[in-house]
Amino acid sequence: MDVRQHALGVLFVLCGELDFDSVVQLHEAADDELNGSTGTLPVVVDCAALTFCDSSGISALLRLYQRLIAEQRALRLAAVPASVSRLFTLTGLDQLFSVHKDAAEALAAGSDGRGVVSAVQQNEERSA
């Protein structure tokens, strides 16, 4: 796990597996970067080097998503591998997460936090 600050947001770079043994690193990085933060910049999780994700990893991403929603911030995923993307599709999370082809695109997608509202609105529209 590597965390990088950018003018357009915070970038979490995942490497290897996101599973029961490694999710603690994501939780700790989120706590370190977001506790006390009052910003509205999005958080981008770069999955380009992610090789595996289990239910613990999905739960960690959902926890981060919920935390950011409560703070009126957006979570964006970048370069999600096909195997993980398939898991998101099977669980319906592809309708929840904002997924981009790479980290640069995800960071450039906007930095004002409005992605949170539009994602919620899109989900409500799809449900109707």
Side-chain angles (χ1 to χ4, degrees):
M1 162 81 53
D2 185 27
V3 180
R4 302 174 191 157
Q5 292 286 337
H6 286 269
L8 298 175
V10 180
L11 181 64
F12 290 15
V13 181
L14 302 180
C15 298
E17 299 179 352
L18 186 60
D19 58 13
F20 181 79
D21 293 326
S22 63
V23 293
V24 68
Q25 293 174 347
L26 179 58
H27 294 309
E28 289 173 353
D31 288 344
D32 289 346
E33 289 300 315
L34 304 175
N35 279 351
S37 172
T38 58
T40 59
L41 293 176
V43 171
V44 173
V45 177
D46 186 350
C47 301
L50 186 64
T51 58
F52 176 78
C53 181
D54 69 4
S55 60
S56 299
I58 289 175
S59 293
L61 291 171
L62 280 170
R63 178 178 164 188
L64 180 58
Y65 173 82
Q66 290 169 336
R67 178 179 184 172
L68 292 169
I69 288 290
E71 297 176 9
Q72 295 294 301
R73 295 176 73 171
L75 172 64
R76 301 188 182 124
L77 304 181
V80 177
S83 61
V84 177
S85 181
R86 183 172 185 274
L87 188 57
F88 288 167
T89 301
L90 290 171
T91 58
L93 293 174
D94 61 330
Q95 302 297 311
L96 183 67
F97 292 136
S98 174
V99 180
H100 302 269
K101 70 176 181 170
D102 57 33
E105 178 184 283
L107 286 166
S111 61
D112 60 6
R114 285 183 288 164
V116 171
V117 175
S118 64
V120 170
Q121 288 172 343
Q122 287 176 0
N123 287 333
E124 289 173 357
E125 291 169 3
R126 288 180 186 138
S127 297

Quiz prompt | side-chain contact (heavy atoms from CB on, under 4.5 Å) assessment of Asp2 paired with Asp46 | solution = CA-CA 10 Å; Asp2 185 27; Asp46 186 350; over 6 Å; no

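- For the atom pair OG (Ser98) and OH (Tyr65), the distance works out to 9.5 Å, reported to the nearest 0.5 Å.
- Between Val3 and Ala29, the shortest heavy-atom contact is CG2-CB, 3.8 Å.
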Exercise. Step by step, work out the side-chain contact (heavy atoms from CB on, under 4.5 Å) result for Val23 and Arg63.
Key: CA-CA 11 Å; Val23 293; Arg63 178 178 164 188; over 6 Å; no

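- By the 4.5 Å heavy-atom criterion applied to side chains, Leu87 and Asp54 are not counted as neighbours.
- In this structure, Val13 and Met1 have side chains that are not in contact, with every pair of non-hydrogen atoms separated by 4.5 Å or more.
- Scanning all heavy atoms of the two residues, the minimum distance from Leu64 to Leu26 falls at CD2-CD1, 4.4 Å.
- Of the possible donor and acceptor atoms, one in the side chain of Ser22 sits under 3.5 Å from a partner among the backbone N and O of Glu17.
- Atom CG of Asp19 and atom CD1 of Ile58 lie 12.0 Å apart (nearest 0.5 Å).
- One distance of note links CG of Asp21 with CG of Leu18; it measures 11.0 Å at 0.5 Å rounding.
- The two residues Ala106 and Val44 have their closest heavy-atom pair at CB-CG1, 3.6 Å.
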Practice problem: Show your reasoning for whether side-chain contact (heavy atoms from CB on, under 4.5 Å) applies to Leu50 and Val45. | Solution: CA-CA 10 Å; Leu50 186 64; Val45 177; over 6 Å; no

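- Counting heavy atoms from C-beta outward, Asp31 and Arg67 have side chains that approach closer than 4.5 Å.
- From Phe88, atom CZ reaches atom SG of Cys47 across 6.0 Å, with rounding to the nearest 0.5 Å.
- In terms of heavy-atom proximity, Arg73 sits nearest to Gly39 at CD-O, 3.3 Å.
- Atom CG of residue Leu68 and atom CG of residue Leu75 lie 5.5 Å apart, to the nearest 0.5 angstrom.
- Separation of atoms CG (Leu41) and CG (Leu11) is listed at 12.5 Å; rounding is to 0.5 Å.
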Quiz item: Can you check side-chain contact (heavy atoms from CB on, under 4.5 Å) on Leu61 and Leu93, steps first, answer last?
Solution: CA-CA 10 Å; Leu61 291 171; Leu93 293 174; over 6 Å; no

